[in-house]
Enquirer: 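Dropping the structure in here first, questions after.
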Amino acid sequence: MEADYQPTPSRQVLTVTAVDTEDPYPSLSDYHDYEPNLEFDDTELQATTTNAAKLLEQGLDLNASGVGTSIDYLESPVSDGTIEENFEEALVDAPVIETAADLAALDRELADEEDYLDISKHGIVEVVGDDSAGRKIIVVSACKLPPVNKEAFNHAKLLRYLTHTLDTFVEQDYSLVYFHYGLTSKNKPPLSWLWQAYKAFDRKYKKNLKALYLVHPTNFIRIVWQIFKPAISAKFGRKMMYVNYLEELAQYINLDQLIIPSQVIEHDEQLMNKHKKNLSKLPSPSGIVSPVCTTQFGASLQFIKENNGGDPIPPIVRQCIDFLKTPEVLETEGIFRRSANVVVIKELQNRCNQGLPVDFQGDPHIAAVLLKTFLRELDEPLMTYDLYDEITQFQTLAKDERPRRVKILILEKLPLDNYQLLKYIVQFLSKVMDRCDLNKMTSSNLAVVFGPNLVRAPPSKGMSLSAIGPINQFIDFVFTYQDKIFII
């Protein structure tokens with residue numbers, strides 16, 4: 001019977017076109033203002049070299065120029081914060097990068113995905129889950145850059161790899177976390193490369209970048225910022241946030257989702273001990289020690305079911321979907337792609353966990369982010385840890401074998417409570433896909449949004465960038481053929 005199964009798409013997938021509109025919602029909390037009409041202004045780029053020269057002529061005496069007290073930063077006891085003495089010459093001679101074609105000319109034509117294995121193996125760039133506002137998180141770890149003198153590392157190719165990675169996410173809101181610790185004179189790219197990187201990341205990359213977290217900043221960051229400041233728009237500057245400790249980062253991002261290098265964790269503990277914080281391990285972002293009976297966010301499906309009359313569908317999920325499935329809401333453009341106000345989301349989570357009524361304020365994006373947040377904060381992902389390896393091997397399966405294997409995985413290996421909730425959510429998302437002509441959310445776009453929220457790596461493994469593609473492709477398959485997979 002399974003051999004006769006030939007899936008046919010249940011709907012036509014339309015091509016999504018990027019909509020060049022600003023997000024009407026603030027990207028961070030009250031700490032950052034949002035100005036929807038401002039755009040990146042590069043009219044001052046010509047002044048960069050002149051300003052760099054002036055700084056260098058003054059011996060980088062930032063205190064003398066009156067900029068020494070405006071930035072709160074910590075000096076790393078390990079990173080030497082050096083800067084090239086010939087930076088001005090390197091910056092003048094650096095190639096001008098305006099388009100992708102200019103970027104390709106740095107080395108050769110853009111490489112395809114397989115050609116990036118020599119770069120991706122270092123784990124410098126990783127894509128993980130969502131932050132507290134429902135935005136994808138991209139992590140860059142400086143400590144994973146190989147020493148320049150010991151390995152022929154292609155920095156131009158690294159830049160292409162960065163743009164290649166970001167291309168998957170620039171059409172939706174995303175956040176960037178940069179772990180600065182471990183950048184020393186031995187592995188630090190030249191500042192001319194940093195300038196090339198900033199030029200390569202044009203408006204399409206900057207527009208939907210809602211937050212840039214610079215973790216463990218040092219004097220080197222301060223110097224680079226002052227040199228590049230004339231060329232950086234005020235709007236982009238407001239997206240930057242200096243984070244001195246991982247404890248501060250936990251206010252915006254669930255640290256359990258991040259791939260934090262061990263040396264960064266050790267460095268953070270040293271800083272905390274130095275400042276007499278007496279913290280020997282990472283903070284608990286959830287703040288929940290013993291959940292009360294009304295808790296839904298951060299609890300297990302079994303716990304929620306036992307405290308809600310045996311219903312396998314958590315109340316907050318029903319409430320979100322009941323609101324989102326109305327015809328006018330289903331037609332909302334960019335639904336599930338846009339973020340929501342962090343303060344509002346946190347408040348609604350707390351009210352839900354206390355058993356209080358939740359009001360979406362008539363805003364579809366609040367309900368959409370709450371639904372994603374619930375899935376992301378389950379103590380175990382809806383597609384359990386036991387299924388992770390099988391899901392990430394999805395791309396290796398022959399196409400005619402995929403339907404049978406997916407049905408076995410979902411119908412036989414997924415626990416019953418998980419199956420019932422997954423079916424409930426996927427059948428709702430099929431209604432979203434039916435209106436993709438208006439909301440622009442095809443099965444592939446929804447897979448990019450829901451993939452990391454439905455499938456997570458076990459804590460012992462950690463999510464890797466190479467797993468994102470197979471996970472999204474698996475979820476896309478489930479969304480596309482849901483009427484063939486789930487038993488009615």
Side-chain angles (χ1 to χ4, degrees), residues 7 9-25 27 113 127-131 133-138 163-175 204-205 207-210 320-321 324-325 327-340 364-376 382-383 391 394-395 406 422 425-456 463 465 467-483 485:
S10 60
R11 61 190 56 81
Q12 181 178 3
V13 179
L14 301 181
T15 302
V16 175
T17 57
V19 180
D20 190 19
T21 59
E22 290 290 352
D23 183 4
Y25 299 94
S27 57
E113 188 170 356
V127 180
V128 293
D130 294 354
D131 64 11
R135 300 181 290 247
K136 279 290 175 293
I137 306 171
I138 298 175
T163 56
H164 169 81
T165 301
L166 290 174
D167 279 340
T168 307
F169 303 98
V170 294
E171 297 302 329
Q172 60 180 314
D173 297 344
Y174 70 98
S175 298
K204 77 171 184 176
Y205 298 100
K207 175 186 172 185
N208 285 337
L209 172 63
K210 300 304 178 182
C320 287
I321 289 181
L324 292 168
K325 69 182 181 182
E328 61 274 15
V329 174
L330 285 175
E331 297 173 0
T332 303
E333 186 172 319
I335 190 172
F336 291 112
R337 286 179 56 183
R338 295 299 178 189
S339 56
H365 300 294
I366 291 178
V369 170
L370 269 180
L371 178 59
K372 292 189 298 181
T373 302
F374 171 82
L375 294 172
R376 182 171 64 251
L382 194 56
M383 304 299 295
I391 291 173
F394 178 77
Q395 287 180 325
V406 170
L422 179 65
I425 293 173
V426 171
Q427 288 181 338
F428 156 68
L429 292 177
S430 70
K431 294 181 173 61
V432 177
M433 290 183 284
D434 286 340
R435 303 315 308 270
C436 66
D437 56 327
L438 295 175
N439 60 39
K440 311 302 181 184
M441 297 305 293
T442 62
S443 63
S444 59
N445 284 337
L446 286 172
V448 170
V449 171
F450 278 90
N453 294 318
L454 294 171
V455 183
R456 298 198 305 270
M463 182 76 77
L465 182 60
I468 295 295
I471 289 174
N472 291 347
Q473 189 173 353
F474 172 84
I475 297 300
D476 187 8
F477 186 93
V478 173
F479 288 170
T480 302
Y481 301 109
Q482 57 88 19
D483 55 338
I485 296 173

Enquirer: Quick one: CD on Gln427 to CZ on Phe479, what's the gap to the nearest 0.5 Å?
Expert: 12.5 Å
Enquirer: When you check the side-chain N and O atoms of Asp476 and Ser444, is any donor under 3.5 Å from an acceptor?
Expert: no
Enquirer: Of the non-hydrogen atoms in Asp483 and Thr480, which two are nearest, and what is the gap between them?
Expert: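 Minimum heavy-atom contact is OD1-O, 4.2 Å.
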Enquirer: Main chain of Val448, side chain of Lys136: is a donor-acceptor contact present, judged purely on distance under 3.5 Å?
Expert: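 Such a contact is found between Lys136 side chain and Val448 backbone.
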Enquirer: Taking only Lys NZ, Arg NE, NH1 and NH2, and the carboxylate oxygens of Asp or Glu, determine whether Glu331 and Arg435 approach each other closer than 4.0 Å.
Expert: yes
Enquirer: Are Leu429 and Met441 close enough, and set up right, to give a side chain to side chain contact (heavy atoms under 4.5 Å, CB included), and what steps lead you there?
Expert: CA-CA 10 Å; Leu429 292 177; Met441 297 305 293; over 6 Å; no
Enquirer: So, taking the atom named OG in Ser443 and the one named CG in Asn472, what distance separates them when rounded to the nearest 0.5 Å?
Expert: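 These two atoms lie 11.0 Å from each other.
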Enquirer: Please give me the minimum heavy-atom distance between Pro364 and Thr332, naming the atom from each residue.
Expert: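 Heavy-atom minimum between the residues: CG-OG1, 3.7 Å.
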Enquirer: Test side chain to side chain contact (heavy atoms under 4.5 Å, CB included) on Lys431 and Leu324 and set out the steps.
Expert: CA-CA 10 Å; Lys431 294 181 173 61; Leu324 292 168; over 6 Å; no
Enquirer: Which atom pair, heavy atoms only, marks the closest approach of Leu422 to Met383?
Expert: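 Residues Leu422 and Met383, closest heavy atoms: CD2-SD, 3.6 Å.
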Enquirer: A side-chain contact here means heavy atoms from C-beta on lying under 4.5 Å apart; do Leu375 and Ile425 qualify?
Expert: yes
Enquirer: What distance do Met433 atom CE and Phe428 atom CZ have between them, rounded to the nearest 0.5 Å?
Expert: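 Nearest 0.5 Å value for the CE-CZ distance: 10.0 Å.
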Enquirer: Apply the test side chain to side chain contact (heavy atoms under 4.5 Å, CB included) to residues Phe336 and Asn445: give CA-CA distance (whole Å), side-chain angles for both, the deciding distance (0.1 Å), then the verdict.
Expert: CA-CA 9 Å; Phe336 291 112; Asn445 284 337; over 6 Å; no
Enquirer: Is there a donor-acceptor contact under 3.5 Å from the side chain of Arg456 to the main chain of Arg376?
Expert: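 Answer holds: yes.
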